[in-house]
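Computed from a prediction, not measured in an experiment: that's the story for all the values here. Both counts, for ligands and for their atoms, begin at 1 and track the order of listing.
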Amino acid sequence: MQQPYVADLAPEQMRDRLHEALSIYVRAMGYPASVARRRAPMWAEHALRPGWRAAAVLAPAAEEDHAALRGTLLGIAYGYTGASHQWWYEQVHRGLSRARGSTAAEQVLEDYFELTELHIHPSAQGQGLGDALLGQLLGGCPASRVLLSTPEVVGEANRAWRLYRRRGFEDVLRDFRFDGDPRAFAVLGRALPLTMTTA
Ligand SMILES: CC(C)(COP(=O)(O)OP(=O)(O)OC[C@H]1O[C@@H](n2cnc3c(N)ncnc32)[C@H](O)[C@@H]1OP(=O)(O)O)[C@@H](O)C(=O)NCCC(=O)NCCS
């Protein structure tokens, strides 16, 4: 087996590998397989949004697989340009307006890339692949900041939190509840560009 590598995914490549990408997502998040089927239309629609970009971690079977973007999918990440008519924007705007006032909310949400999904298959976690995938996705991203939401975890004690903190993500909103989800989330963000020179 060759070393896994990271690469950008074009919308049509995401479409071709949507099923595989969703199965990484449900395995990484510990969700039942049925969630993948329900999420498929949403992921496909997201790929049509302005500023959408995606990156993958692939495990090639042979050297030539690199050039052809072949190999088993081990990780997937995507996001798009945030905009005021989007559900996530509206939710975070509501939370930020309550916490800091609407002017501050609009400033934070003025020009951002929403990091929507970032997942590594459980069998491949803890080897630096999530970090490399994050760098690939955000490299060359034209927005002035990146925002994301992640479930609150006691002591910030999971790999997602450690990765985001290591890469300079700071609190935007804590203990926030999105409509229809009983879990508490944090919204984190950092300025772009993200430089990957330090570990
Ligand atoms: C969050 C997630 C994407 C991170 O990806 P990952 O590949 O597991 O994590 P990383 O490669 O960044 O780092 C994991 C560990 O590898 C270590 N590491 C980092 N770079 C490394 C490298 N080049 N070589 C070896 N190890 C490295 C880090 O020290 C880190 O250790 P830590 O977790 O104790 O801090 C992944 O764990 C995942 O999919 N989790 C479940 C789903 C999830 O939570 N997604 C995010 C939702 S918002």
Side-chain angles (χ1 to χ4, degrees), residues 1-9 14 17-18 20-33 35-36 38-39 42-43 46 53-60 71-80 82 86-89 91-92 95 112-139 141 145-178 180-190 192 194-199:
M1 176 87 83
Q2 307 278 313
Q3 280 296 318
Y5 67 102
V6 289
D8 292 336
L9 275 191
M14 181 67 145
R17 304 195 78 151
L18 188 60
E20 251 183 296
L22 283 159
S23 88
I24 302 271
Y25 159 71
V26 293
R27 289 295 308 278
M29 295 300 286
Y31 293 155
V35 171
R38 287 205 302 274
R39 284 283 171 135
M42 184 190 291
W43 282 38
H46 285 170
R53 46 200 286 135
V57 179
L58 291 151
T72 306
L73 200 68
L74 294 180
I76 185 72
Y78 77 80
Y80 46 79
Q86 294 164 359
W87 182 84
W88 196 89
Y89 176 106
Q91 293 282 307
V92 174
Y112 72 96
F113 177 78
E114 182 194 321
L115 200 174
T116 313
E117 306 289 351
L118 174 75
H119 307 288
I120 299 288
H121 191 277
S123 66
Q125 289 175 9
Q127 301 165 37
L129 296 175
D131 197 33
L133 187 57
L134 182 70
Q136 182 79 23
L137 183 71
L138 298 181
C141 193
R145 77 167 58 87
V146 50
L147 299 176
L148 61 86
S149 48
T150 194
E152 292 279 3
V153 171
V154 175
E156 304 184 359
N158 72 11
R159 286 202 166 110
W161 274 94
R162 286 192 293 270
L163 173 61
Y164 298 140
R165 290 307 198 199
R166 197 163 62 238
R167 288 300 171 197
F169 282 80
E170 293 176 345
D171 292 353
V172 173
L173 200 53
R174 296 295 301 259
D175 289 312
F176 177 65
R177 282 181 169 73
F178 289 94
D181 193 331
R183 296 172 299 169
F185 280 79
V187 177
L188 304 178
R190 59 153 290 149
L192 290 173
L194 170 66
T195 47
M196 298 297 283
T197 46
T198 49

Within the protein, residues bringing a heavy atom under 4.0 Å of ligand 1, chain by chain
A28, M29, L118, H119, I120, Q125, G126, Q127, G128, L129, G130, D131, S149, T150, R159, A160, R162, L163, Y164, R166
Sequence neighbours excluded, the answer for side-chain hydrogen bond (donor to acceptor under 3.5 Å, both in side chains) partners of D175 is none
Can you tell me if R174 uses its side chain to pair, donor with acceptor, with the backbone of A186 under 3.5 Å?
no
Ion pair present between D8 and R53, side-chain N to carboxylate O less than 4.0 angstrom?
no
Rounded to the nearest 0.5 angstrom, the CD-CG distance for E117 and L22 is 8.5 Å
Are R145 and E170 within salt-bridge range, i.e. N to O under 4.0 Å?
no
Does the plane of the ring in Y89 sit parallel, tilted or perpendicular to the ring in Y112? Use 30° and 60° as the thresholds.
parallel
